[in-house]
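Worksheet for the structure shown next.
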Amino acid sequence: MNEQYSPAEVERSAQAFWQQHDSYRAREDGRDKFYCLSMFPYPSGRLHMGHVRNYTISDVIARYQRMRGKNVLHPMGFDAFGLPAENAAIKSGVAPAEWTYSNMSYMKRQLDALGFGFDWSRELATCRPEYYRWEQWLFVQLLKKGLVYRKNSVVNWDPVDHTVLANEQVIDGRGWRSGALVEQREIPQWFLKITDYADQLHDDLATLTEWPEAVRTMQANWIGRSEGVEIDFALADGSGEKLTPAALPGGKLTVYTTRPDTVFGVSFISVAAQHPLALAAAQRDTQVAAFVEEAKQSGVAEAALATQEKKGVALGIDVIHPLTGERVPVWAANFVLMGYGTGAVMAVPAHDQRDWEFASAYGLPKKIVVSATPSLTPPRKGEGLQDAGAAGLQDAGAASSPPPCGEGSGEGAAPSDISQAAFTEHGTLINSGVFNDLAFEAAFNAIADALEQKSAGRRRKNFRLRDWGVSRQRYWGCPIPVVYCKSCGAVPVPEDQLPVVLPEHLKPDGAASPLTKEASFYECACPSCGEPARRETDTFDTFFESSWYYARFACPDLDTAMLDERARYWSPVDQYVGGIEHAVLHLLYARFFHKLMRDVGLPVAGDEPFKRLLCQGMVVAGTYFRDGQNGKKDWINPADVELTAEGAVLRADGQPVQVGGREKMSKSKNNGVDPEIIIRSHGADAVRLFMMFTAPPDQSLEWNEAGIDGAARFLKRLWRMVSEHTAQGAAPALQVQSLSATQKDLRRKTHQTIAKFGDDVGRRLQFNTAIAAAMELVNALQKFDGSTEQDRALRQEALSALVACLAPITPHIAHSLWTALGHAGAVIDATWPEADAAALASDAVKFVVQVNGKLRSSIEMPVGSSNEAVLAAAKADENVAKFLVGLAIKKEIVVPGKLVNFVV
RNA sequence: GCCCGAAUGGCGAAACAGGUAGACGCAAGGGACUUAAAAUCCCUCACCUUCACAGGUAUCCCGGUUCGAUUCCGGGUUCGGGCACCA
């Protein structure tokens, strides 16, 4: 073999080998399958470091499982529809399709240069009719099943560009291109009834034991299941004047609450500005009308709505409290969401923080009805997955700890102090008539019963989750397969007329979708009556495509159905890898689709699409800049910056640049590092090794040029070590029985490394510590200077183990070294090494000795020593005895094989 | 605003079930080799006290549980992810 390690040469020859042997082609066979999937990329142009990290992780897992004997599927494709292609078209005049296809082929080349083992024979792109025709088909099935409906809903409207804006395109309440103040506008849109699956989506989270806890909690909170009560407030006399019956069906205003125990503390009702009652009141009251108008002057993003100043207006309408019979005024408030519950909440300022603030601002009464005095039954604790999340607008603070003791004692129940904030914990009822002295749960039930008996309320399970609006007023997406006919209404496109093909030559201009101006697209005949009709010009949310691609990878060539039996064989995905930013939306929609596909009878296995989930952290880099003209910063790429002891300087001119913070690699801060350049300078293996070594996969990873050098240095060292070893000829067979103590030590280290590496990669997904273990073995080999035949045999064993372990991470160099070490066959097809239990055994154990928890010494004991012997030896230790002299030992603690602690 | 995370030397990190804080690497300093440089190899490297042995302090902050807390609990600070039309 070459003495010098040349990454370019090594990588070229390994990649040529894999291609010649079609090494990554997955075939359905009788072996145990392992489906390893990375979230497919949006073809934005070039690969970025986040992609490199994502795909290195899945490639390592796929290669490891393959060496474990699994039948591995590791596919790749492109999430090809989306907004950036339209933006590129607006900016540079190139059609979204053309831009997308060219990006895809460029990125594919980049992926190959990194040596990722993808089965490209299964490549798919969501913008191709062969793919999206099946989601059109599924949509029609769901429409027939009643899981799809159309209703009005609010969008961001740019009044200058006359177009709908994505939340991302609304900046500080203004359209990103026009700068116009964005308004809310209602338009009809298609919805998928994901709420029909809310219980399943919630309950099945408990089965996802190999998902990160944080993701499961986020999803549980997002679904936000809560048990509460709907309460009807009848319209008070005189309040109904000029109100149409539609404003208040049944003459009752219905609210939803998870805190019926506070119902005696209601001092007003808050409704959303879009609530029918508010709209009706606006008809006769200019102040209310002004408020409703003002509420429209805003985007629809929840974060923006939730942070705006809390405002409201009295509607001049009263309702009757169903239990006290008192008159309660109705207000419209900008923090009540029309989309949640009934769009109306009962306000209890004493026991809800938002109501407290609102009442304080508008001088409304606060009536205390819950006392802090502990009751006999303690309040229920928050139950995580079971009942996670403060779901209702009324449920600001489920008690998570016992309330502090009030001044009062016993039954008397002292009022809580609400002068500074609301008292939101559970407690004992006061000022609540016959319900006084009841604790939360008893009060909840008694009041719910009372309301049900009076037919003024009912227990109700509620979800925070809303139905999924899938209509987008965009061009570069999958056409929604519906036709609008004057006489037949909305008619689904019949199956034999699918796909509805998106014309690929159009160019968006920033105003309305070009589809709305393309007569050849929207003019059609009604599939039902044959009369002239208009085709739907909205397209699907791009989450639609990414919700089922994992299943389609099993049978991407199928043209007679969405899925076939191959999907049952490969599903579920055994390991899914992707960014934490997808923790809720994408992963929830994909879970929903899996259940939908199951329920329309498609061949998928199980109830969940992804068995094990790894969410990797972001790739961040330092930012550098110089102050440019008119106060703007000129951002300088980290690759062009040299870090010195004094600070950062630009390589080109040697002059200083300013150092900004560490941020996610992005175009706007020009801190992205092009993987291609680094591959050229250091090799793909060094990039992969650096990515996997520098941080655990779920943490953010900081780009660091010096770190890449370190990774390359390690590979060089390994190469040289193998080269020096093999230069001496073939090593003899290992004679395990006759090894010296030093030789046994090295062999133990080898087998410890094998065990640690396999556990870290296979079970823990902690690649950084696996690599650290490999480095330790290399260091041990470096120090090991024996030159006997058996020493060479030991080295052969250690180096072979190292190369096999590293093969998933740095596959190219491993490919060369494996052959150089004299092994038949390619390392990609090698079997994962097994640790030899006999080699791991040691005859002495080290105990750490503490006195009062402070480390004083350590002692070595033979394996199997009794606790008494360990204690005696510990006490005999000079430095330990020093700290025991003259003191009585109160307690002796022995942790077997680890530690002794004397408490004096 | 709401939900979910994270915080450990000069830096990236490790400590997996509550048991030696800092493995492994980067940077830095010293040395060897070399005419020289690069490359490579060896040594030092949390902070304070000490010639040394050793001792003290230290895992974002404040409290708690425990023989023992980076790890568990309560309260905070800062940073990051998500909030339904970015993907």
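Here is the naming used below: chain letters follow the sequence lines, and residue numbers restart at 1 for every chain.
Contact annotation: A:N852 does not reach the phosphate of B:rG68 (side-chain N/O to OP1 or OP2, under 4.0 Å).
Separation of the P atoms belonging to B:rC45 and B:rG22 is 12 Å when rounded to the nearest angstrom. With both ends at atom P, the span from B:rG82 to B:rU70 equals 33 Å, rounded to whole Å. Of the C1' atoms belonging to B:rG5 and B:rC53, the separation is 46 Å, rounded to the nearest Å. Taking atom C1' on both nucleotides, B:rA6 is separated from B:rC61 by 15 Å, rounded to a whole Å. Straight-line distance between the P atoms of B:rA28 and B:rA39: roughly 11 Å, to the nearest whole Å. With both ends at atom P, the span from B:rA14 to B:rG30 equals 31 Å, rounded to whole Å. Atom name P, nucleotides B:rA7 and B:rC43: the rounded distance is 32 Å, in whole Å. Separating the P atom of B:rA87 from that of B:rG80 is a span of 24 Å, rounded to the nearest Å.
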In 5'-to-3' order, the base (B), backbone-only (S) or no-contact (-) status of each nucleotide in nucleotides 79-87 of chain B, using a 4.0 angstrom heavy-atom cut-off, is -SBSBBBBB
How does each nucleotide of nucleotides 15-22 of chain B score, in 5' to 3' order, for protein heavy atoms under 4.0 Å: base (B), sugar-phosphate only (S), or none (-)?
SB--BB--
Per-nt protein contacts along nucleotides 38-54 of chain B (heavy atom under 4.0 Å; B base, S backbone sugar-phosphate only, - none) come out as --SS------------S
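The side-chain hydrogen bond (donor to acceptor under 3.5 Å, both in side chains) check on A:Y576 picks up A:Y549, A:H586, with sequence neighbours excluded. With sequence neighbours left out, the side chain to side chain contact (heavy atoms under 4.5 Å, CB included) criterion links A:I859 to A:F847, A:V849, A:M861, A:V870, A:A873, A:A874, A:D877. Judged as a side chain to side chain contact (heavy atoms under 4.5 Å, CB included), and not counting sequence neighbours, the contacts of A:R717 are A:R720, A:V778, A:N779, A:Q782. For A:A422, the side chain to side chain contact (heavy atoms under 4.5 Å, CB included) test picks out A:Q353, A:W356, A:T424, with sequence neighbours left out. Residues that satisfy the ring-ring contact (aromatic ring centres under 6.0 Å, His included) test with A:W703, not counting sequence neighbours, are A:F690. Residues passing the ring-ring contact (aromatic ring centres under 6.0 Å, His included) test with A:Y197, sequence neighbours excluded: A:F592. Take A:Q169 and apply the side chain to side chain contact (heavy atoms under 4.5 Å, CB included) test, not counting sequence neighbours, and it matches A:L83, A:N87, A:L165, A:A166, A:W176, A:R474.
Of the possible polar contacts, none joining the A:H582 side chain to the A:G579 backbone as a donor-acceptor pair under 3.5 Å is found. For the pair A:S38 (side chain) and A:F40 (backbone), a donor-acceptor distance under 3.5 Å is absent.
Base orientation for B:rG9: syn, the chi torsion being within 90° of 0. By the rule that a glycosidic angle within 90° of 0 means syn, B:rA17 counts as syn.
A:N768 has its CG atom 14 Å from the P atom of B:rA23, to the nearest Å. The CZ atom of A:F690 sits 8 Å away from the C1' atom of B:rG12 (whole-angstrom rounding). The distance from atom CH2 of A:W211 to atom P of B:rG5 is 16 Å, rounded to the nearest whole Å. In this entry the distance linking CD of A:Q699 with C1' of B:rA14 reads 11 Å, nearest Å. Residue A:E776 contributes atom CD, which lies 19 Å from atom P of B:rA13 at whole-angstrom precision. Nucleotide B:rA13 holds its C1' atom 15 Å from the CE atom of A:M692, rounded to whole Å. Computed from coordinates, the A:Q752 CD to B:rC24 P distance equals 14 Å when rounded to whole Å. Rounded to a whole Å, the CG atom of A:L884 is 14 Å from the C1' atom of B:rC67.
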Are there any protein N/O atoms within less than 3.5 Å of an N/O atom in nucleotides 29-33 of chain B, and if so, which ones and at what distance?
none

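Within the 4.0 angstrom heavy-atom criterion, no nucleotide atom of any strand lies near A:D698. Using a 4.0 Å heavy-atom criterion, one finds that A:P212 contacts no nucleic acid atom at all.
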Could you write out RNA chain B as a dot-bracket string, with dots for unpaired bases, | for bases paired across to another strand, and Watson-Crick or G-U pairs counted at under 3.5 Å?
(((((((..(((......[....))).(((((.......))))).((((....))))..(((((..]....))))))))))))....
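Annotation: cation-pi pair A:K151/A:F191 present, NZ/CZ under 6.0 Å from the ring centroid and within 45° of its normal. For A:R856 and A:F883, the positive end sits near the middle of the six-membered ring, less than 6.0 Å away and at most 45° from its axis.
Residues A:F463 and A:Y340 place their aromatic rings such that the two centres sit no closer than 6.0 Å. Ring pair A:F544/A:F593: centre-to-centre distance below 6.0 Å.
In this structure, CG in A:D541 is found 5.5 Å from CH2 in A:W468, a value given to the nearest 0.5 Å.
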Working note: A:Q473 + A:Q189, criterion side chain to side chain donor-acceptor pair (under 3.5 Å); need CA distance, chi angles, decisive distance, verdict.
CA-CA 10 Å; A:Q473 297 67 46; A:Q189 311 209 61; 3.3 Å; yes
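Along RNA chain B, the nucleotide nearest A:V215 and the nucleotide nearest A:N704 are compared for position; the residue whose nucleotide lies closer to the 5' end is A:V215.
The aromatic rings of A:Y42 and A:W99 sit tilted relative to each other, their planes meeting at an angle between 30° and 60°.
Only one option out of A:D759, A:L765, A:D760 pairs with A:R763 in a side chain to side chain contact (heavy atoms under 4.5 Å, CB included); it is A:D759.
Between the side chains of A:T195 and A:D467, at least one donor N or O sits under 3.5 Å from an acceptor N or O.
Comparing B:rA13, B:rA27, B:rA23 against the side chain of A:P696 picks out B:rA13 as the nearest.
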